[in-house]
Amino acid sequence: MSNEPVKARPVEELDSVVIRFVGDSGDGMQLTGTEFSKAVAKAGHGFTTHPDYPSEIRAPTGTLYGVSGYQIQYSTGRVFTSGDAPDVLVAMNPAALKTNLPDVKHGGILIVNSSAFTPGNLEKAKYASNPLTDGSLQGHRLYAIDISTLTANALTDSGLGKKEVGMCKNYFSLGLMMCLYSRPVDKEITDIEKKFAKKPKVAAANITALRAGYAYAEATEMFAVSYQMRESTPVPGKYRSITGNTASALGFVAASEISGVPLFIGSYPITPATEILQELSNLKHYNVTSFQAEDEIAGICSTIGASYGGALALTTTSGPGLALKTEALGLAAILEIPMVIVDVQRAGPCTGIPTKTEQSDLLQALYGRNGECPIPVIAANSPSDCFDAALEAFRIAVKYMTPVILLTEGGIGQAAEPWLIPDVASLPKMEVKYRTDPNGFQPYARDGNLARAWVRPGTPGMEHRLGGLEKDALTGNISSEPLNHQIMCETRAAKVAGIARDFPPSKVEGPAKGDLLVIGWGSTYGSIAQAWQKASTAGKSVAFVHLRHLNPLPSDLGDIISRYKKVLVPETNLGQLSKLLRERYLVDVVQLNKIQGKPLKVTEIYDRILELC
Amino acid sequence: MMTDMTVATPVQALTKKDFESGLDVRWCPGCGDYAVLSQITKLMPKLGIPRENFAFVSGIGCSSRFPYYVQTYGLHTIHGRALAIATGLKISRPDLSVWVVTGDGDALAIGGNHFIHAVRRNIGLKVILLNNRIYGLTKGQYSPTSELGKKTKTSPLGNIDQPFSPVALALGAGATFAARCIDGDQAMMAAILERAAKHEGTAFVEILQNCVVFNDGAFDALSDKATRDDTRLVMEHGKPLIFGKERNKGIRLSGMDMEVVTIGENGVTEADILVHNENAAHSGLAFSLGQFESPDFPVPFGVFRDVDKPSYESLSQQLSESARAAKGRGDLQRLLNSGETWTIK
């Protein structure tokens, strides 16, 4: 090793950057991405991540369909999305380069593991010639680095086998990126020691690889500049990185702790919702009971049973699972018992593309049942927002004695962002009252909100029967009287419609009237907000409303819509909210639909806004 | 006189009548379900359980009307799902005595998956399967227990589905308590139901039940006093499996099979006859008995298996208790503050 001091290279300041790490499913790119986001979080930068991985757990190495990716956008301010196009692509093999290159910004940085560009891997990626040498990457800034060899050289004395050494290259890449983006590695070293506490040899090797990557980036003359994010000034407080699925799980525990009512989850594993069941299964020292059911139907049915028994009960699923739960949803609705059904949406129809995100279950959530069967539907708009949405779902469920569907999306459930941890004392109160007074009790007598009473079995003197047959509007006994059925159908509809009375006035960003109103729901929030901001700055007369409640819709929405000449609805489906708004408000909305398993880009929305006003 | 001090209400004062809801019972006149309703309402005041701590859950079918007729908490749900619903109720409320009343279609066709999983988990449910070997509520189609060759509205040329034996299915799924009785034998039904009520874990009882409209007489040979001693094998724990009017027929092991032998013929003595053991660790012999079918074999009645195993809900409670012992009762603020955190000043 040379004793020459490393020459300081100029530092370029950034306001925002989008980095994507890509490799084989087994290359550890999810880990590299996660660790990198932790490092930027500690500096107080805002960020949003987007993991993008194939359904195959370990697809054959080097194949185009086995590529796994992790994208992060971080910035000096709040970050709304994981970014449209990467400024930087870190690619571990030819397949990863090939599948991701079209997304990279023109002139963007490519950091490529040249060791993996063997004839065999090039062939698997269907490259006719080596892109690192054939000039095809000239539009980008290419840094071809022999990452595998450099990692192996650094680990000659590690005592690890060849395979284990090979697995350390993700830490080499992480070290390299941390140096290039001016992040210190001390905390990462402590984290590695903790993570591999039971395998000290592996811990030591990973630390060596991390340091080697860092030192390499520091010493090489390849990079002309290093990068440094301008200082962020976030709201002071304690933050954590949180995914949507974790936030949902914590929101449900919070509902249980605040109300003092036990939480029950009955679910069947399904991508991309499984993490909620996993998280709650590990929280049994709270008032949580978890049950992994034999199928989706048993998931919701056990939830109905637990709710009948007096628990705050929920089930989690994704689109195909919601389809299986359909009949039982009808039972929950006619029994009028509180529960929450989470649908972490994924690309459909049928099995579709399980690991890719989509907003295509809105109509299923609203209408996918036999008979007249209204169920409240709400949607979360970002990973951390799942916490608030989960609390809101149970608030509605308990107050109105109804099942509530909470829609999130794969792109929210598995993405992470910083979350300013709330003080428990500041969380909304939730009161749960079981009726215990048998005097004058009638199972279907209703309060001012049209909710019937929640009675736990075990309460003396109130034994009664409930069921899926239409029931008398007061006693709950079976009834097929024509007029009673109409009363019951109308009452169930009126109860759900009445929930809108609770909603605060809709928040309209931008002018109170004007040329264009953009209406969104769910994960498109970030992209729409940024596109709207950009268009407003450009002087456009455009406003923006994002919906939390899809059923019932807020009662002021019709009035808001009427104040704009045009309405634009961006969605990652073929126009489900558009259909709903047309039907409800007789407004000729303009659709913007993308259905590629990927989030809408800011530019895609911005360009459409410019076309319309 | 009740001695259980945990009982909150003076249950000794309750009678059969207290457990009758008073709603008009809408089964066909002569239906075997009446006998079951009568025996269960008769049993309930004897169990020392406050009335409000009973919950009856059912699915869809004739049998599933049952909860309406008992004055307890009750849920009449959707086809095949009673066990899944009852599972959620029992796990979250182990303090309740949860009963599921189901039928051969409800439990074994549309609800087959929930049936085997409830049984294998050993959830503390009392599962009463009223087996009439036909779909009654939809007016006469073959069910998963209809015999081969049976002509019904959907099998006009004869049924080609191999039937299930509900008891064998339950034992195959690991049942810790499995029994069979028949609607016409009230004394045996009463005794079995009482044992089922007191069993920890899933207690499965198959009750052969005559459908007077769509499958009348299906069990006549098992009910008629004239024939039943020869067609039934009444099993008693610790006693040899002997049956027949003359009490001279018995069941003998022959390799891995069972066979019917006559005591006193070909050198067979009572000592050759298999002695029934409800508590056998392995359910193999009970399973074989569960597969006995007329006319080659007598149909066994009584308790096939009764073994002790912890119930699912007790294990679930233990998990929570040990998690709390190890980590302390969870604190919400601490939970929110967990994970990868950092502080901005």
Side-chain angles (χ1 to χ4, degrees), chain A residues 38 41-42 44 234-242 246 250 253-254 257-258 262 264 266 283-287 289 291 293-295 297-298 301-311 313 327-328 331 335 421-424 456-469 477-478, chain B residues 8-9 21 23 50-58 60 67-68 70-93 95-96 113-114 116-117 316 319-320 322-324 326-330 332-333 335-345:
Chain A
K38 277 190 205 166
K42 299 225 165 59
V235 179
K238 189 163 187 167
Y239 286 78
R240 64 178 282 176
S241 170
I242 198 157
T246 300
L250 297 193
V253 176
E257 292 293 313
I258 292 167
F264 175 91
L283 295 175
K284 290 199 160 63
H285 53 308
Y286 290 79
N287 207 351
T289 302
F291 172 64
E294 59 271 25
D295 57 29
I297 296 171
C301 286
S302 61
T303 300
I304 290 171
S307 165
Y308 178 67
E327 187 192 16
L331 177 64
L335 293 178
I421 300 170
D423 182 355
V424 167
R456 292 167 85 236
T459 312
M462 297 176 81
E463 296 88 350
H464 64 281
R465 272 67 52 196
L466 301 175
L469 288 166
N477 289 334
I478 303 171
Chain B
T9 48
S21 73
L23 284 182
R51 190 173 69 175
E52 62 272 16
N53 284 359
F54 282 100
F56 276 78
V57 183
S58 66
I60 294 291
Y68 289 112
V70 276
Q71 182 56 23
T72 64
Y73 285 91
L75 268 182
H76 174 223
T77 69
I78 46 179
H79 203 18
R81 316 302 171 200
L83 280 161
I85 290 165
T87 291
L89 178 60
K90 184 67 183 177
I91 296 173
S92 61
R93 292 290 306 280
D95 57 312
L96 300 175
N113 199 31
H114 308 308
I116 55 175
H117 289 283
S316 171
L319 284 183
S320 300
S322 44
R324 278 173 209 143
K327 300 181 188 172
R329 172 62 171 84
L332 180 58
Q333 190 69 60
L335 175 63
L336 302 187
N337 289 350
S338 65
E340 195 61 34
T341 64
W342 63 94
T343 302
I344 304 290
K345 288 188 178 128

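In what follows, every chain begins at residue 1, and chains take the letters A, B, ... in the order their sequences are listed.
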### Task
Please state whether the side chain, the backbone, both or neither of B/Ser320 comes within less than 4.5 Å of a heavy atom of chain A.
both
### Task
Would you confirm whether B/Tyr73, through its side chain, and A/Thr459, through its main-chain N or O, come within 3.5 Å as a donor-acceptor pair?
yes
#### Entry: Residue part contacting chain A, namely of B/Ser338, when any heavy atom lies under 4.5 Å
both
### Task
Assess whether side-chain contact (heavy atoms from CB on, under 4.5 Å) is satisfied between A/Cys301 and B/His114, documenting all intermediate values.
CA-CA 10 Å; A/Cys301 286; B/His114 308 308; 5.8 Å; no
### Query
Heavy-atom distance under 4.5 Å between the side chains of A/Leu335 and B/Leu75, does that happen here?
yes
### Query
So does B/Glu340 pair up with A/Lys238, basic N to acidic O under 4.0 Å?
no
### Query
Any donor and acceptor pair, going by atom type alone, linking the side chain of B/Arg324 with main-chain N or O of A/Tyr286 inside 3.5 Å?
yes
### Query
After noting the C-alpha distance and the side-chain angles of B/Ile85 and A/Thr303, does the key distance pass the side-chain contact (heavy atoms from CB on, under 4.5 Å) rule?
CA-CA 7 Å; B/Ile85 290 165; A/Thr303 300; over 6 Å; no
### B/Lys327: partners by side chain to side chain contact (heavy atoms under 4.5 Å, CB included), with sequence neighbours left out
A/Asn282, A/His285
### Message
Can you tell me which portion of A/Leu466 sits under 4.5 Å from chain B's heavy atoms? Options are side chain, backbone, both or neither.
### Response
both
### Task
Determine whether B/Arg81 and A/Ile297 make a side-chain contact, defined as any pair of heavy atoms from C-beta on separated by less than 4.5 Å.
yes
## Note on the structure
Scored by heavy-atom pairs under 4.5 Å with chain B, the best of A/Pro262, A/Pro236, A/Ala293 is A/Pro236
### Query
With a 4.5 Å heavy-atom cut-off, do B/Ser92 and A/Thr289 have their side chains touching?
no
### Task
Pick whichever of B/Leu336, B/Asn337, B/Thr87 has the most heavy-atom pairs under 4.5 Å with chain A.
B/Leu336
### Side chains of B/Ser21 and A/Glu463 in contact at under 4.5 Å (non-hydrogen atoms)
no
### Task
Give a yes or no on whether the backbone of B/Gly74 and the side-chain of A/Tyr308 come within a donor-acceptor separation of less than 3.5 Å.
yes
### Query
Is it true that a side-chain atom of A/Glu294 and a backbone atom of B/Ala84 form a donor plus acceptor pair closer than 3.5 Å?
no
### Task
Against chain B, work out which of A/Gly310, A/Pro422, A/Ala313, A/Ser307 has the most heavy-atom pairs shorter than 4.5 Å and name it.
A/Pro422
### Query
What option among A/Gly237, A/Gly461, A/Ser241, A/Gly44 has the most heavy-atom pairs under 4.5 Å with chain B?
A/Gly237
### B/Arg93 side-chain N/O to A/Ala306 backbone N/O, donor-acceptor pair under 3.5 Å
no
### Query
Any donor-acceptor pair under 3.5 Å linking the side chain of B/Trp342 with the backbone of A/Ala41?
yes
### Task
Specify which of A/Gly467, A/Pro234, A/Gly468, A/Pro457 makes the most heavy-atom pairs with chain B at under 4.5 Å.
A/Pro457
### Task
With a 4.5 angstrom heavy-atom cut-off, could you sort out which part of A/Phe264 is near chain B: side chain, backbone, both or neither?
side chain
### Winner by heavy-atom pair count (cut-off under 4.5 Å) against chain A, out of B/Asn113, B/Ile78, B/Ile91
B/Ile78
### Query
So, the side chain of A/Arg465 versus the backbone of B/Thr72: is there a donor-acceptor pair under 3.5 Å, distance only?
yes
#### Entry: B/Thr341 and A/Tyr239: CA distance, side-chain angles, deciding distance, side-chain contact (heavy atoms from CB on, under 4.5 Å) verdict
CA-CA 5 Å; B/Thr341 64; A/Tyr239 286 78; over 6 Å; no
### Query
How long is the gap from CZ on A/Arg456 to CG on B/Asp95, to the nearest 0.5 Å?
7.0 Å
### Query
Which atoms of B/Leu332 come close to chain A, meaning under 4.5 Å heavy atom to heavy atom: side chain ones, backbone ones, both, or neither?
both
### Query
Heavy-atom distance under 4.5 Å to chain B: side chain of A/Ala328, backbone, both or neither?
both
### Message
I'd like to know whether B/Leu335 forms a side-chain contact (heavy atoms from CB on, under 4.5 Å) with A/Leu250, so could you lay out the CA-CA distance, the side-chain angles of the two residues, the decisive distance to 0.1 Å, and finally the verdict.
### Response
CA-CA 8 Å; B/Leu335 175 63; A/Leu250 297 193; 3.6 Å; yes
### Side chain proximity check, A/Ile304 to B/Thr77, heavy atoms < 4.5 angstrom
no
### Task
Go through the atoms of A/Ile242 and report whether side chain, backbone, both or neither lie under 4.5 Å from a heavy atom of chain B.
neither
### Task
Measure B/Val57 against the heavy atoms of chain A and call it side chain, backbone, both or neither at under 4.5 Å.
neither
### Query
Does the side chain of B/Gln333 reach to within under 4.5 Å of the side chain of A/Ile421, using non-hydrogen atoms?
yes
